[in-house]
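Taking it in order: structure first as structure tokens, then the write-up.
Every chain is numbered from 1, with letters handed out A, B, ... down the list of sequences.
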There are 2 protein chains.
Amino acid sequence: MPGPPKWRHRFQGHVSRWTVPREVILDLLCRTSKHLSAKEIYSYLYKSHPGIGMTTVYRTLDLLARMGLVTKLVLGDGQSRYEFKSSDREKHHHHLLCTKCGKIIDYSEFLDEELELIRKTEKKLEKKYNFKILDHNIEFLGLCEKCYVFSEKRSSNDS
Amino acid sequence: MPGPPKWRHRFQGHVSRWTVPREVILDLLCRTSKHLSAKEIYSYLYKSHPGIGMTTVYRTLDLLARMGLVTKLVLGDGQSRYEFKSSDREKHHHHLLCTKCGKIIDYSEFLDEELELIRKTEKKLEKKYNFKILDHNIEFLGLCEKCYVFSEKRSSNDS
DNA sequence: CTTTTAATGATAATGGTTATCATTAAGATA
DNA sequence: TATCTTAATGATAACCATTATCATTAAAAG
Ligand SMILES: [Mn+2]
Ligand SMILES: [Mn+2]
Ligand SMILES: [Zn+2]
Ligand SMILES: [Zn+2]
């Protein structure tokens with residue numbers, strides 16, 4: 001337990017020991033806005049903590065996800081990605097996903113209306129399907145700016 | 001090309017040959033409302049067409065997805081799932097996903113308001129992020145009826 | 001029917017994730 | 001602070017969905 005156990009209090013009731021890998025992985029995720037894969041996290045931490053193994057990265061990410069501190073994104077590119085899940089509503093966001101290059105854009109504008117409708121829909125769905133709704137995913141798929149202009153050039157050349 | 005080539009016309013411009021595996025896989029998907037994995041499709045077809053290999057199932061599903069006839073669902077349970085994507089708007093739907101048992105519920109009620117808001121949001125996002133939106137995913141995560149009552153029993157026993 | 005070659009399918013390879021298990025170290029105790 | 005208990009770790013192997021290879025097959029054109 002070297003350094004200030006910045007996140008220890010969060011672990012009450014979830015696990016019995018607050019360890020270096022857990023501190024460091026959570027700390028990395030809360031400092032970045034990127035959507036990191038396990039391997040990327042491993043590679044990044046290797047510089048400062050070469051002792052941490054891949055297995056522990058996976059186990060810790062799974063733990064953090066179960067605790068609700070981290071969101072696991074499964075986007076179909078072969079590896080899961082993880083992002084810190086801030087508790088304050090300001091940072092709640094949804095995603096734009098480029099199906100060509102994999103780019104991920106967070107957006108949090110226009111959410112007020114969106115979330116209001118979601119609440120209403122959730123209530124109706126919970127009642128109709130006897131389903132306890134705990135979270136939602138909203139993502140828009142398409143082409144980012146770069147990929148779009150590229151595909152336009154191609155289709156004009158293919159004439 | 002045994003039997004009526006029910007789907008052949010759809011392939012114009014996409015591929016040069018309309019084959020038995022393609023016909024049979026697409027036919028299976030359009031007849032079921034389930035969300036089938038590649039292995040499930042392979043197993044099912046094995047009864048009537050033992051010659052079709054797993055590789056072809058994967059290749060065909062990928063083709064159908066690129067053609068827009070099928071939707072690929074990546075839900076994080078280790079295998080992708082596929083469902084027929086009807087062109088008529090009546091059958092457009094979103095999903096309720098049970099994070100405990102993996103159950104998938106299609107819902108198409110309450111979509112009018114939802115889709116209207118989506119259109120508006122899409123326009124704003126396309127403008128702001130120079131992003132060409134082609135599709136959307138909306139899913140609600142939680143516990144299905146069975147898994148919810150089970151978790152309630154457990155927590156009351158744990159007192 | 002013959003030809004062309006897109007498409008197939010048996011097989012091996014890939015790669016992300018998980019299971020094993022001996023070792024380590026967090027936190028409790030004295 | 002030194003010692004103890006055992007949760008947690010990490011090296012390694014195993015798992016398994018998906019993809020790559022390549023010889024063979026069969027759509028469909030002539
Ligand atoms: Mn994000
Ligand atoms: Mn569905
Ligand atoms: Zn892109
Ligand atoms: Zn369930």
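The side chain of A:Gln79 lies closest to C:dG16, out of C:dG27, C:dA26, C:dG16.
Regarding contacts with the backbone of C:dA26, every side-chain N or O of A:Thr19 stays at 4.0 angstrom or more from both OP1 and OP2. Note on B:Ser16: every side-chain N or O is 4.0 Å or more away from OP1 and OP2 of D:dA27. Within the structure, a side-chain polar atom (N or O) of A:Arg22 is placed less than 4.0 Å from OP1 or OP2 of D:dA8. Look at B:Tyr58 and you'll find a side-chain N or O under 4.0 angstrom from OP1 or OP2 of D:dT18.
Residue B:Ser37 is classed as having no contact, given no heavy-atom separation below 4.0 Å to the nucleic acid. Residue-level contact check: B:Thr55 touches the bases, meaning some heavy atom is under 4.0 Å from a base atom.
When rounded to the nearest whole Å, the span between CD1 of A:Ile41 and C1' of C:dT17 equals 14 Å. Atom CG in B:Asp62 sits roughly 14 Å away from atom C1' in D:dA17 (whole-Å rounding). The distance between atom CZ of A:Arg59 and atom P of D:dA7, rounded to the nearest whole Å, is 14 Å. When the C1' atom of C:dG15 is taken as reference, atom NZ of A:Lys39 falls 8 Å away, rounded to whole Å. Remark: P of C:dA26 and CZ of A:Phe11 are 14 Å apart, rounded to the nearest angstrom. When the P atom of C:dG15 is taken as reference, atom CE of A:Met54 falls 13 Å away, rounded to whole Å. Atom CG of A:Leu64 is separated from atom P of D:dA8 by 13 Å (rounded to the nearest Å). Whole-Å rounding puts the B:Tyr42 OH to D:dC16 C1' distance at 16 Å.
If you check the side chains of B:Tyr82 and B:Glu40, you find no donor sitting under 3.5 Å from an acceptor. Side-chain contact of A:Trp7 with A:Glu23: a donor-acceptor pair under 3.5 Å is absent, judged by distance alone.
Remark on the helix from C:dC1-D:dG30 to C:dA30-D:dT1: inter-end axis angle 40°, axes from five-pair C1' superpositions, rounded to 10°.
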Worked check of side chain to side chain donor-acceptor pair (under 3.5 Å) between A:Asp106 and A:His94
CA-CA 6 Å; A:Asp106 292 340; A:His94 297 154; over 6 Å; no
So A:His136 and A:His92, ring pair (Phe, Tyr, Trp, His ring centres under 6.0 Å) or not? Walk me through it.
CA-CA 11 Å; A:His136 60 259; A:His92 179 74; 5.1 Å; yes
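Relative orientation of the B:His35 and B:His93 rings is perpendicular, given thresholds of 30° and 60° on the angle between their planes.
A salt bridge links A:Glu109 with B:Lys128; the closest basic N to acidic carboxylate O contact falls under 4.0 Å. Remark: B:Asp27 does not engage B:Arg22 in a salt bridge, criterion side-chain N to carboxylate O under 4.0 Å. Checked for salt-bridge contact, B:Glu83 and B:Lys72 miss the test: no charged N lies under 4.0 Å from a carboxylate O.
Listed by chain and number, the residues in a salt bridge (Lys or Arg N to Asp or Glu O under 4.0 Å) with B:Lys132 amount to none (sequence neighbours excluded).
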Could I get a table of every N or O pair under 3.5 Å where one atom is in the protein and the other is in nucleotides 2-5 of chain C?
residue : atom : partner : partner atom : Å
C:dT5   : O2   : B:Arg17 : NH1          : 3.2
C:dT5   : O2   : B:Arg17 : NH2          : 3.0

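Along DNA chain D, the nucleotide nearest A:Val15 and the nucleotide nearest B:Lys72 are compared for position; the residue whose nucleotide lies closer to the 5' end is A:Val15.
Distance check: A:Ile25 CD1 to A:Leu36 CG gives 11.0 Å after rounding to the nearest 0.5 Å.
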